[in-house]
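Values below: all heavy atoms of this structure, side chains included; hydrogens, waters and symmetry mates excluded. Not measured: the values here are computed from a predicted model.
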Amino acid sequence: MRKIIIDTDTGSDDAVALIMALKSKDIKVEAVTTVCGNVPLDLATKNALMTIEITNAQKPPLYIGSASPLMRKLVTAVNVHGEDGMGDCNLIHPTLISEKKHAVDAIIEIVEKNPGEIEIVALGPATNIALAILKSPETMKKVKHIYSMGTSGFGPGNTTPVAEFNVYVDAESYSILLNSNIPLTIVGFDLCCKDAALNRKDIESLLSSEMKEAEFSVKCNQALLEFNLKRNNEYIIDLPDAVAMGVVLWKEIVLEDKLCYCYTCTKEEAAYGQVIINDGSKLAISDGYAGNIPNAIVCKTIDTNLFKEKLLHILTNR
């Protein structure tokens with residue numbers, strides 16, 4: 001059985017990804033660690049505890065992590081996910097409680113006890129992971145693999161024209177991750193919209209299920225649904241973190257990936273948070289990344305129909 005740590009800034013799409021992992025029969029979630037991002041740290045922690053409690057499956061320990069990015073003020077996404085990060089629907093108030101140990105120390109300890117076995121799924125900004133790398137680089141070299149929902153992939157940004165939210169919140173941490181030499185797979189935002197999003201039929205299917213996790217997955221994304229309606233007049237729920245978790249759980253949904261060299265922009269404000277992805281198809285001449293060796297597998301295309309089929313199955317048990 002695979003062993004994973006889920007690092008999350010728990011907004012509504014993170015919650016769906018957590019449910020997917022917790023209900024998977026092939027995954028043991030060794031820990032959930034929280035980080036600021038979509039919402040401030042206290043809400044990210046409450047939302048993760050809420051999701052673990054409502055899911056009739058594994059109950060991993062939760063460790064609270066970083067309340068701020070390494071070098072910048074926190075930028076949240078409450079305009080997208082709601083003020084509480086979970087659709088402002090007054091969902092359950094969790095009775096589960098977090099552990100006392102800091103998330104960074106917990107990550108290091110779990111990796112040290114399970115060398116070469118731990119996979120980390122990073123659903124939010126990379127702050128906790130970067131701090132673990134800085135604090136104990138030799139231990140973090142024993143991480144089997146990291147999966148990151150981050151970067152805009154091969155498309156435009158969703159926070160600035162060039163930057164994706166998770167990287168934009170803490171680009172310095174993402175740069176540390178990219179330069180860590182830990183095996184890394186990136187699932188960019190470009191894979192997570194359009195056909196991968198839940199449409200009206202998918203949402204109705206979830207709501208018609210008797211599974212509480214299915215109903216919860218729709219309710220917690222109510223603010224996101226309304227955001228998409230106002231922004232693009234689209235009745236959809238796009239779930240970037242669920243897509244990333246899908247890549248972790250179901251290798252068969254990945255149709256194409258590529259070993260690339262990725263470079264995080266941290267200096268020029270207009271480009272802050274952009275991750276330049278060189279897949280070898282274009283000549284790289286910039287001093288920032290020319291001649292560097294590949295440091296991440298970047299997913300290029302996924303089977304969106306198969307992803308949604310598997311997602312609806314795990315949420316509804318149908």
Side-chain angles (χ1 to χ4, degrees), residues 1-2 4 6 8-29 32 38 46-60 62 80-82 84-92 94 96 121 123-124 147 149 187 191-228 234-254 302-318:
M1 183 170 290
R2 295 166 64 192
I4 70 170
I6 303 173
T8 173
D9 59 338
T10 326
S12 55
D13 62 322
D14 301 67
V16 178
L18 278 171
I19 292 170
M20 292 164 63
L22 293 170
K23 293 189 70 175
S24 174
K25 296 178 180 179
D26 303 319
I27 295 288
K28 181 183 179 186
V29 181
V32 174
N38 280 323
K46 178 182 178 182
N47 295 343
L49 290 170
M50 179 193 310
T51 305
I52 294 169
E53 186 166 318
I54 205 167
T55 306
N56 187 26
Q58 305 177 53
K59 295 291 187 284
L62 182 141
V80 176
H81 296 282
D84 66 357
M86 297 289 275
D88 293 328
C89 290
N90 193 30
L91 299 172
I92 72 163
L96 294 176
V121 184
L123 302 178
Y147 294 86
M149 192 289 113
V187 181
L191 300 181
C192 305
C193 304
K194 297 182 180 178
D195 292 341
L198 299 181
N199 56 34
R200 188 181 296 272
K201 181 180 177 181
D202 301 322
I203 294 167
E204 290 175 353
S205 177
L206 289 172
L207 291 175
S208 68
S209 167
E210 296 181 358
M211 298 299 296
K212 59 183 179 181
E213 295 96 337
E215 181 184 18
F216 178 81
S217 295
V218 174
K219 283 187 175 180
C220 72
N221 279 288
Q222 185 61 38
L224 177 58
L225 181 63
E226 293 171 2
F227 176 82
N228 286 327
E234 292 181 307
Y235 192 88
I236 61 169
I237 298 173
D238 49 304
L239 299 167
D241 292 328
V243 172
M245 188 62 75
V247 170
V248 176
L249 300 179
W250 310 310
K251 303 295 186 185
E252 60 270 30
I253 73 169
V254 179
I302 63 168
D303 186 330
T304 54
N305 290 330
L306 183 58
F307 161 69
K308 289 205 292 182
E309 177 186 319
K310 288 181 171 292
L311 173 62
L312 292 175
H313 173 71
I314 204 167
L315 293 179
T316 64
N317 283 3
R318 287 173 178 164

Determine the minimum heavy-atom distance between [X] and [Y], stating which atoms define it.
X	Y	result
Thr316	Ala214	CG2-CB, 4.1 Å
Val243	Cys192	CB-SG, 3.9 Å
Met211	Leu315	CB-O, 3.4 Å
Phe307	Ala196	CE2-O, 3.7 Å
Asn228	Ile237	ND2-CA, 4.3 Å
Cys220	Leu91	CB-CD1, 3.7 Å

Problem - Test item: side-chain donor near acceptor, Asn56 and Lys212, under 3.5 Å - result: no

Handout entry: Modelled atom types, side-chain donor and acceptor of Asn38 and Asp14, under 3.5 Å
Key =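 Asn38 vs Asp14: donor-acceptor pair found between side chains.
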
When you compare the side chain of [Y] with that of [X], does any pair of heavy atoms fall below 4.5 Å?
X	Y	value
Trp250	Ile314	yes
Leu239	Leu311	yes
Asp26	Arg2	no
Asn199	Lys308	yes
Asp303	Glu252	no
Lys194	Ile236	no
Leu62	Leu96	no

Completion exercise
From the list Asp241, Asn47, Asn221, side-chain hydrogen bond (donor to acceptor under 3.5 Å, both in side chains) partner of Ser12 resolves to Asn221

Is the number of heavy atoms from other residues, nucleotides or ligands within 6.0 Å of [atom1] ([X]) greater than 12?
X	atom1	result
Lys251	NZ	yes
Lys219	NZ	no
Lys59	NZ	yes

Once rounded to the nearest 0.5 Å, what's the spacing between atom [atom1] of [X] and atom [atom2] of [Y]?
X	Y	atom1	atom2	result
Met20	Ile27	CE	CD1	10.5 Å
Lys46	Glu53	NZ	CD	11.5 Å
Leu22	Met245	CG	CE	8.0 Å
Asn90	Asp84	CG	CG	8.5 Å
Ile4	Ser24	CD1	OG	8.0 Å

Exercise for the section: Begin with the C-alpha distance, continue with both residues' side-chain angles, and end with the deciding distance and a verdict on side chain to side chain contact (heavy atoms under 4.5 Å, CB included) for Ile19 and Ser217. Expected result: CA-CA 9 Å; Ile19 292 170; Ser217 295; 3.7 Å; yes

Problem - Listed partners of Gln222 passing side-chain hydrogen bond (donor to acceptor under 3.5 Å, both in side chains), at least two apart - result: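 side-chain hydrogen bond (donor to acceptor under 3.5 Å, both in side chains) check on Gln222 returns Glu226.
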
Practice task
Go through Tyr235 and Leu225 one step at a time and tell me if the side chain to side chain contact (heavy atoms under 4.5 Å, CB included) criterion holds.
Solution key: CA-CA 6 Å; Tyr235 192 88; Leu225 181 63; 3.9 Å; yes

Problem - Derivation and outcome, side chain to side chain contact (heavy atoms under 4.5 Å, CB included), residues Leu18 and Val29 - result: CA-CA 9 Å; Leu18 278 171; Val29 181; over 6 Å; no

Handout entry: Derivation and outcome, side chain to side chain contact (heavy atoms under 4.5 Å, CB included), residues Met86 and Thr51
Key = CA-CA 10 Å; Met86 297 289 275; Thr51 305; 3.9 Å; yes

